[in-house]
2 protein chains.
Amino acid sequence: MSTNFQQHKAGDLHFLKRLNRSAILELIRRAPGMTRADIATQAQLTKATVGAGVQSLLEQGWLSEGELQRSGGGRPGRSLYLNEQHYVLLGAEVDVHGLRLVACTLTGQILTSRQEYLAPTTPEITADLLADLLRALRSSPEVAGRQCLGVGIALPGPIDPKKPILRLAPNLGWRDIRFLDLLRARLPELDSLWLMDNEAKSAAFGELYFRTDKITDSLVYVSAGTGIGSGMVEGNHLPLISRGLQGLAGEIGHTVLQPGGLYCRCGNRGCAETLVSGWSIRAALGIAEDQSLSEALQPRLGEAEVQVTLRRAGEALGTLLLNLHHTQNPSEIVLGGSLVQIGAPLLDPALTYFKANQNSLLGTTQQVPIRIIEDSTFVSARGAAAQVLARAIHGPGELL
Amino acid sequence: MSTNFQQHKAGDLHFLKRLNRSAILELIRRAPGMTRADIATQAQLTKATVGAGVQSLLEQGWLSEGELQRSGGGRPGRSLYLNEQHYVLLGAEVDVHGLRLVACTLTGQILTSRQEYLAPTTPEITADLLADLLRALRSSPEVAGRQCLGVGIALPGPIDPKKPILRLAPNLGWRDIRFLDLLRARLPELDSLWLMDNEAKSAAFGELYFRTDKITDSLVYVSAGTGIGSGMVEGNHLPLISRGLQGLAGEIGHTVLQPGGLYCRCGNRGCAETLVSGWSIRAALGIAEDQSLSEALQPRLGEAEVQVTLRRAGEALGTLLLNLHHTQNPSEIVLGGSLVQIGAPLLDPALTYFKANQNSLLGTTQQVPIRIIEDSTFVSARGAAAQVLARAIHGPGELL
DNA sequence: GCTACTAAGTAAAAAGTTTGAACAAACGTG
DNA sequence: CACGTTTGTTCAAACTTTTTACTTAGTAGC
């Protein structure tokens with residue numbers, strides 16, 4: 001479900017044409033401002049083929065021409081950019097705190113966003129509200145004139161990799177929900193691409209895909225909130241999301257860090273979430289669910305009990321990061337989620353532990369960067385929009 | 001390095017032809033006995049294209065025609081198989097115990113194998129011996145008449161994903177070795193494909209690739225010997241090996257299971273290897289390195305100390321498997337390596353723990369199969385041969 | 001200001017691949 | 001033994017990329 005397409009085993013002539021168009025688009029997407037000649041060199045195509053491809057992409061509103069480039073001798077080439085005016089991508093996230101929506105351009109620029117607080121309720125009521133918000137977003141002034149490529153939804157739980165079913169969302173109290181079907185039924189007028197995915201996987205995909213500087217081979221996004229999830233994206237040309245058999249790939253909150261430790265919500269003992277997660281910190285420090293965790297902690301940071309709890313949670317988080325390093329070894333780790341707002345008391349022990357231990361095996365000095373996203377409000381929703389774009393470019397269908 | 005090719009961004013006409021040839025080959029490889037008509041249906045190609053492709057593959061010795069198939073009405077189709085007579089794949093593994101070599105056919109049938117004991121020594125001496133053995137294997141009666149597609153080498157340590165450098169092999173005492181260059185220099189007459197990879201990754205690849213029944217999307221091979229390594233292979237059409245930035249993906253022996261626990265060989269504390277690994281069991285029970293671990297344990301299985309150590313090691317192994325389940329969630333886990341020979345005292349606790357805990361999160365009854373390979377002597381060498389085949393079929397080059 | 005030079009992009013013929021439709025081959029059935 | 005059915009092949013047609021030549025647009029030198 002979503003961004004890992006079965007590569008067409010074989011291809012006809014039309015497939016080849018489409019492949020070349022998408023290669024051109026992908027090159028421009030990742031290095032904006034390329035000229036036709038640059039593309040011909042990098043994609044190993046002839047000038048003629050590139051010229052024809054660019055022409056059709058210009059006509060379809062995918063590309064736009066920019067200024068003339070470096071004039072060092074011969075005729076200067078004309079810069080090419082993604083057309084930021086013609087299309088729009090819609091993304092949304094549902095979680096315990098409510099709904100978040102974004103509309104963005106082909107480069108991931110957010111045109112407009114919405115946020116609506118909603119206590120966990122039934123899938124149907126949630127879908128009703130989300131459908132209304134999507135409709136409103138679609139007709140907002142920033143979006144209205146554009147062609148909509150599709151809608152991506154990010155959800156807080158594992159999703160079946162074969163069928164669009166949300167297997168479980170413990171924070172919402174949902175199980176085996178075909179949320180995409182509920183939503184599509186309420187929005188028949190939007191007959192473009194539809195997809196849904198796990199929020200950490202969407203976020204990971206978006207962070208890798210909507211990036212033009214420091215392009216990396218792989219990336220893990222760690223979503224630290226009420227629970228701890230992660231998403232791994234690998235592969236340079238077309239990033240693939242690791243899903244696994246049941247969509248459980250990335251459920252690092254339920255890896256065991258303390259055999260025989262405390263009981264977890266899942267029933268096992270010693271899961272990482274028993275040490276570091278929104279719910280376990282709340283439980284340890286007696287903080288109710290209806291108040292913000294970081295706000296409740298702020299005045300209490302001087303208390304010894306709070307300090308110890310956060311330091312231990314931070315060390316557990318560091319251990320989790322180190323284990324990811326030795327299991328997946330991503331080129332970059334991105335840390336987001338509401339727990340990040342707790343700040344240094346939690347993050348310092350985590351980063352210190354990770355940095356101190358990451359190079360013991362190889363003895364190198366190469367550092368795997370950990371990027372911390374202070375405000376990850378719209379990261380998953382934007383990532384879901386990124387998945388829509390990826391499917392439009394590389395997936396099956398008559399687009400492009 | 002090895003089997004993850006940068007998908008040609010764009011393609012010319014020749015590329016398309018090659019893609020279709022490789023799709024035909026891949027279909028027959030995975031479902032031997034298909035007819036041209038079956039292929040045309042499944043690959044979405046026309047009969048004419050398939051006919052031409054099959055013809056050229058027959059002439060090049062990739063395929064052979066078999067018997068006539070089901071005669072239910074019309075003209076029966078002719079079965080197609082991989083040609084088991086024309087080509088040969090060579091694979092070898094270097095580890096603490098010595099060298100292992102296999103020569104196999106396109107379906108992974110082992111034509112002949114060699115095993116040579118060798119105490120860890122310098123890379124040069126090892127390469128000298130391995131070159132001699134490869135030469136001998138090449139001219140053995142089972143192999144001599146065949147065309148060699150290439151040689152794959154499996155090594156016990158992380159390998160740089162960009163360059164063919166063995167970063168570290170603690171058991172051999174090697175660091176930053178260009179072993180493939182050493183070997184190629186000694187075998188200039190073998191100018192076919194050359195590749196090297198980590199032994200667990202090679203094994204994982206081979207177990208998934210050389211399989212025609214129960215084809216799965218993904219597979220993790222856990223290699224439990226002196227240390228603990230793993231390899232993850234994912235992707236149905238062309239299985240991809242997870243490597244990571246520094247080739248550390250799969251180094252599960254150095255994930256932390258016991259924060260603040262014993263010191264590991266790597267310098268960190270509480271690594272899985274401190275609980276379950278050849279070296280830690282030897283250390284705990286005072287078994288010298290020059291005797292076989294399983295043989296030394298056999299007469300001592302009644303001792304309480306031995307029972308406790310093995311049970312604890314088994315539980316740690318079970319935890320490791322469960323953490324893999326929640327991190328990568330492979331369709332199948334395959335367990336090999338010399339520790340498997342210890343048998344039930346180690347494996348029963350591991351499997352019991354895994355089975356008891358694997359379904360707590362989703363609450364399903366679906367079981368992720370764990371296959372135990374009793375004799376994994378040639379699994380990595382055969383996997384390296386499988387990687388040669390995959391590169392010949394899908395990789396760049398004029399083959400096919 | 002003119003010419004020479006360089007590189008980018010385009011137009012039309014040429015080459016190569018898949019396709020489509022017709023055809024030949026092989027088997028079972030009545 | 002004729003008929004229906006399915007497999008596999010043949011050859012002209014369609015389509016895409018390539019090749020080649022040419023136009024375009026700027027810089028540099030005199």
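Just so it is clear, the structure is predicted and the values come from calculations on it, not from any experiment. Chain identifiers are assigned alphabetically (A, B, ...) following the order of the sequence lines, protein sequences preceding nucleic acid strands; residue numbering begins at 1 within each chain.
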May I ask you to check whether [X] and [Y] show a side-chain donor-acceptor distance below 3.5 Å?
{"X": "R78(A)", "Y": "T35(A)", "result": "no"}
{"X": "S202(B)", "Y": "Q387(B)", "result": "yes"}
{"X": "T41(A)", "Y": "D38(A)", "result": "no"}
{"X": "Y81(B)", "Y": "E67(B)", "result": "yes"}
{"X": "S140(B)", "Y": "T112(B)", "result": "no"}

R75(B) (side chain) and dT7(D) (base): donor-acceptor pair under 3.5 Å: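 Answer is yes: a donor-acceptor pair is held.
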Minimum heavy-atom distance [X]-[Y], with the two atoms named:
{"X": "E234(B)", "Y": "S242(A)", "value": "OE1-OG, 3.6 Å"}
{"X": "P330(A)", "Y": "S218(A)", "value": "CA-OG, 3.5 Å"}
{"X": "A103(B)", "Y": "L90(B)", "value": "CB-CD2, 3.7 Å"}

Nearest-nucleotide comparison on DNA chain D, the residue closer to the 5′ end among L13(A) and P76(A):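 The residue whose closest nucleotide sits nearer the 5' end is L13(A).
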Stepwise salt bridge (charged side-chain N to carboxylate O under 4.0 Å, His left out) check, D197(A) with R243(A): CA-CA 10 Å; D197(A) 208 341; R243(A) 306 182 172 285; 2.8 Å; yes
To the nearest angstrom, how far is [X] atom [atom1] from [N] atom [atom2]?
{"X": "L45(B)", "N": "dT17(C)", "atom1": "CG", "atom2": "C1'", "answer": "12 Å"}
{"X": "R78(A)", "N": "dG9(C)", "atom1": "CZ", "atom2": "P", "answer": "9 Å"}
{"X": "H14(B)", "N": "dC15(D)", "atom1": "NE2", "atom2": "P", "answer": "24 Å"}
{"X": "Q69(B)", "N": "dT5(D)", "atom1": "CD", "atom2": "C1'", "answer": "16 Å"}
{"X": "F15(A)", "N": "dA14(D)", "atom1": "CZ", "atom2": "P", "answer": "24 Å"}
{"X": "I39(A)", "N": "dT17(D)", "atom1": "CD1", "atom2": "P", "answer": "14 Å"}
{"X": "E67(A)", "N": "dG26(D)", "atom1": "CD", "atom2": "P", "answer": "13 Å"}
{"X": "D12(A)", "N": "dA13(D)", "atom1": "CG", "atom2": "C1'", "answer": "16 Å"}

Shortest side-chain distance from T35(B), nucleotide among dG9(C), dG8(D), dA25(D):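 Comparing dG9(C), dG8(D), dA25(D) against the side chain of T35(B), the answer is dG8(D).
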Reported CG-to-CH2 distance for the pair L187(A) and W194(A), which is rounded to 0.5 angstrom: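 Atom-to-atom, L187(A):CG and W194(A):CH2 are 4.5 Å apart.
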Approximate separation, where rounding is to 0.5 Å, of E84(B) CD and S64(B) OG: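 Result: 7.5 Å between the selected atoms.
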Five-pair end axes of the helix from dG1(C)-dC30(D) to dG30(C)-dC1(D), angle between them (10°):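 It comes to 0° between the two terminal axes.
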Contact under 4.0 Å: R36(B) side-chain N or O vs dT6(D) OP1/OP2: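 For R36(B), the contact criterion (side-chain N or O under 4.0 Å from OP1 or OP2 of dT6(D)) is not met.
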Distance below 4.0 Å between N20(B) side-chain N/O and dT18(C) OP1 or OP2: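 Checking dT18(C) against N20(B), a side-chain N or O does come within under 4.0 Å of OP1 or OP2.
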Under 3.5 Å, which protein N or O atoms sit close to an N or O of nucleotides 28-30 of chain D? Give each pair with its distance.
none

Y209(B) six-ring face occupied by R29(B) cation (under 6.0 Å, within 45°):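 Cation-pi check for R29(B) and Y209(B): passes.
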Within residues 46-59 of chain B, residues whose heavy atoms come under 4.0 Å of DNA chain C: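 Contacting residues: T46(B), A48(B), T49(B).
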